[in-house]
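The structure displayed is predicted, hence computed values, not measured ones. Sequence positions, counted from 1, serve as the residue numbers for this chain. Computed from heavy atoms alone, side chains included, the values below leave out hydrogens, waters and symmetry copies.
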Amino acid sequence: MQNPVVKAFWDQPTGSWQYVFHDPATMKGAIIDPVLDFDPLSGATSSANAQRLLDYVQATGIDLVWILDTHPHADHFSAAQWLKARTGAPTAIGEKVVGVQKLWKEIYNLPDDFPTDGSQWDHLFTDGETFNVGEVPVRVMFSPGHTLASVTYVAGDAAFVHDTLMMPDSGTSRADFPGGSSKALFDSIHDILALPDDTRVFVGHDYAPKGRAAQCVATVAEHKAANIHLKDAPGEAEYRSLRDARDATLPLPRLMLAALQVNIRGGRLPAPEGNGHSYLKLPLDQFKPR
């Protein structure tokens, strides 16, 4: 089995990791979870993060064949469409995204003609679907819990798990967003931990506790031995109690209400209005302050 070369890109303002992986034999590659920059004070979007990924792809000689999202993100805008416009590479996400679209269409009170069929992406993956990036085999694992649409991409010996596991000293990810479930997250995490012990687990976020440098990867074995939420092998009830109690103390993500209306569109801004500008819509009093 061919294993990928993985390059990680850190976005400090959102605590997000973005990835480019490629097959060294064929130089075919894919991007996972690219960030489109957004300044909530000015309302300005920009492409510094996405440009970094594109510069690396071009400088390395990678033939980009996929732009992949693990789920519709609540903490940053997806740069999938910006990258597709410049590379022609197709975009993809898990097929359960249609449930997230329906949920947030109602929250935002979007018009009846807003499509909730996933057509904003070029491809919707089914659970267990496989494909190749060059000679690297990739398997799609549905990993709900953080959202009902979350997926893990297992590419050779690398698993891109985004918001399921954090780094071992931070534990696991929250499950309190609309459509989230600590029960589903418990099951998804155990599916990930059933991968071979030497699997490299690449996370989507790191908040660098105790002032350490940001990190993005640990093995399955390291998570089993040291993950603060998992090392004592808690049962489902114990884990859910811990996760739900922790989630109740967390504020909602700073960009959630802005980001979801972009990300359920596959990374597109709302259509410009008559003056040529796009506008974001904030649902008032839908969520309680924390």
Side-chain angles (χ1 to χ4, degrees), residues 1-12 14-24 28-35 49-50 52-53 56-57 60 62 64-71 73 75-76 78-80 83 92-94 125 131 133-134 136-147 150-174 185 188-209 212-230:
M1 178 178 70
Q2 181 70 276
N3 292 322
V5 174
V6 179
K7 175 69 172 176
F9 294 83
W10 172 241
D11 177 48
Q12 190 278 330
T14 63
S16 300
W17 284 107
Q18 314 156 82
Y19 298 101
V20 180
F21 76 86
H22 75 272
D23 167 27
K28 304 287 187 183
I31 289 174
I32 296 181
D33 292 324
V35 171
N49 264 297
R52 282 196 298 155
L53 273 60
Y56 170 77
V57 165
T60 309
I62 294 169
L64 192 65
V65 295
W66 283 108
I67 302 165
L68 307 172
D69 270 307
T70 52
H71 66 289
H73 306 277
D75 40 51
H76 66 261
S78 171
L83 287 161
I93 200 167
F125 290 116
F131 61 99
V133 174
V136 176
V138 184
R139 176 165 60 95
V140 179
M141 293 173 54
F142 279 12
S143 304
H146 176 69
T147 75
S150 301
V151 302
T152 292
Y153 297 104
V154 183
D157 71 340
F160 299 92
V161 303
H162 212 271
D163 291 325
T164 51
L165 295 167
M166 305 288 280
M167 291 302 295
D169 61 355
S170 296
T172 62
S173 294
R174 64 194 298 174
L185 184 61
S188 295
I189 288 169
H190 280 267
D191 288 343
I192 292 166
L193 295 183
L195 295 168
D197 278 353
D198 61 352
T199 301
R200 296 176 289 164
V201 175
F202 291 92
V203 301
H205 289 291
D206 187 39
Y207 302 112
R212 66 158 170 75
Q215 299 174 1
C216 67
V217 62
T219 65
V220 164
E222 288 168 337
H223 278 284
K224 289 178 179 177
N227 187 292
I228 61 171
H229 292 168
L230 305 170

Enter the distance from [X]:[atom1] to [Y]:[atom2] here, rounded to the nearest 0.5 Å.
{"X": "Leu185", "Y": "Arg174", "atom1": "CG", "atom2": "CZ", "value": "12.0 Å"}
{"X": "Glu222", "Y": "Arg200", "atom1": "CD", "atom2": "CZ", "value": "12.0 Å"}
{"X": "Ser16", "Y": "Phe9", "atom1": "OG", "atom2": "CZ", "value": "14.5 Å"}
{"X": "His205", "Y": "Asp11", "atom1": "NE2", "atom2": "CG", "value": "9.5 Å"}
{"X": "Leu64", "Y": "His22", "atom1": "CG", "atom2": "NE2", "value": "12.0 Å"}

Check: [Y] and [X] side chains under 4.5 Å, non-hydrogen atoms:
{"X": "Arg139", "Y": "Leu195", "value": "yes"}
{"X": "Gln18", "Y": "Ile31", "value": "no"}
{"X": "His162", "Y": "His146", "value": "no"}
{"X": "Thr70", "Y": "Ile32", "value": "yes"}
{"X": "Asp169", "Y": "Arg212", "value": "yes"}
{"X": "Pro144", "Y": "His71", "value": "no"}
{"X": "Asp163", "Y": "Ser150", "value": "no"}
{"X": "Pro168", "Y": "Gln215", "value": "no"}

Heavy-atom closest contact ([X] atom, [Y] atom, distance):
{"X": "Val220", "Y": "Leu193", "result": "CG1-O, 3.5 Å"}
{"X": "Pro4", "Y": "Gly156", "result": "CD-CA, 4.2 Å"}
{"X": "Asn49", "Y": "Val35", "result": "CB-O, 3.3 Å"}
{"X": "Val138", "Y": "Ala155", "result": "CG2-CB, 3.9 Å"}
{"X": "Thr152", "Y": "Ile192", "result": "OG1-CD1, 3.7 Å"}
{"X": "Phe125", "Y": "Ala92", "result": "CE1-CB, 3.3 Å"}

Output, in order, the C-alpha distance, side-chain angles, deciding distance and verdict of side-chain contact (heavy atoms from CB on, under 4.5 Å) for Ile189 and Asn227.
CA-CA 12 Å; Ile189 288 169; Asn227 187 292; over 6 Å; no
Is there a side-chain contact (heavy atoms from CB on, under 4.5 Å) between Asp206 and Ser170? Walk through the geometry before answering.
CA-CA 8 Å; Asp206 187 39; Ser170 296; 4.2 Å; yes
Do Asp75 and Thr14 have a side chain donor and acceptor closer than 3.5 Å?
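Result is no, nothing qualifies.
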Indicate yes or no for a side-chain donor-acceptor contact from Asn3 to the backbone of Asp157 under 3.5 Å, with no hydrogens or angles considered.
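Judged by distance alone, yes, a pair lies under 3.5 Å.
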Mark yes or no for whether Asp33, through its side chain, and Asp69, through its backbone, hold a donor-acceptor pair below 3.5 Å.
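Absent.
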Measure from the ring center of Phe202 to the ring center of Phe21 and say whether it is less than 6.0 Å.
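Here the rings of Phe21 and Phe202 have centres that are no less than 6.0 Å from each other.
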Below 6.0 angstrom between ring centroids: does that apply to Trp66 and Tyr153?
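No, the ring centres sit 6.0 Å or more apart.
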All side chain to side chain contact (heavy atoms under 4.5 Å, CB included) counterparts of Ala8, not counting sequence neighbours:
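Checked Ala8 against side chain to side chain contact (heavy atoms under 4.5 Å, CB included); matches are Trp17, Tyr19, Cys216.
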Output yes when Asp23 and Lys28 qualify as a salt bridge under the 4.0 Å nitrogen-oxygen rule, no when they do not.
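Between Lys28 and Asp23 there is no salt bridge, as every charged N stays at least 4.0 Å from the carboxylate O atoms.
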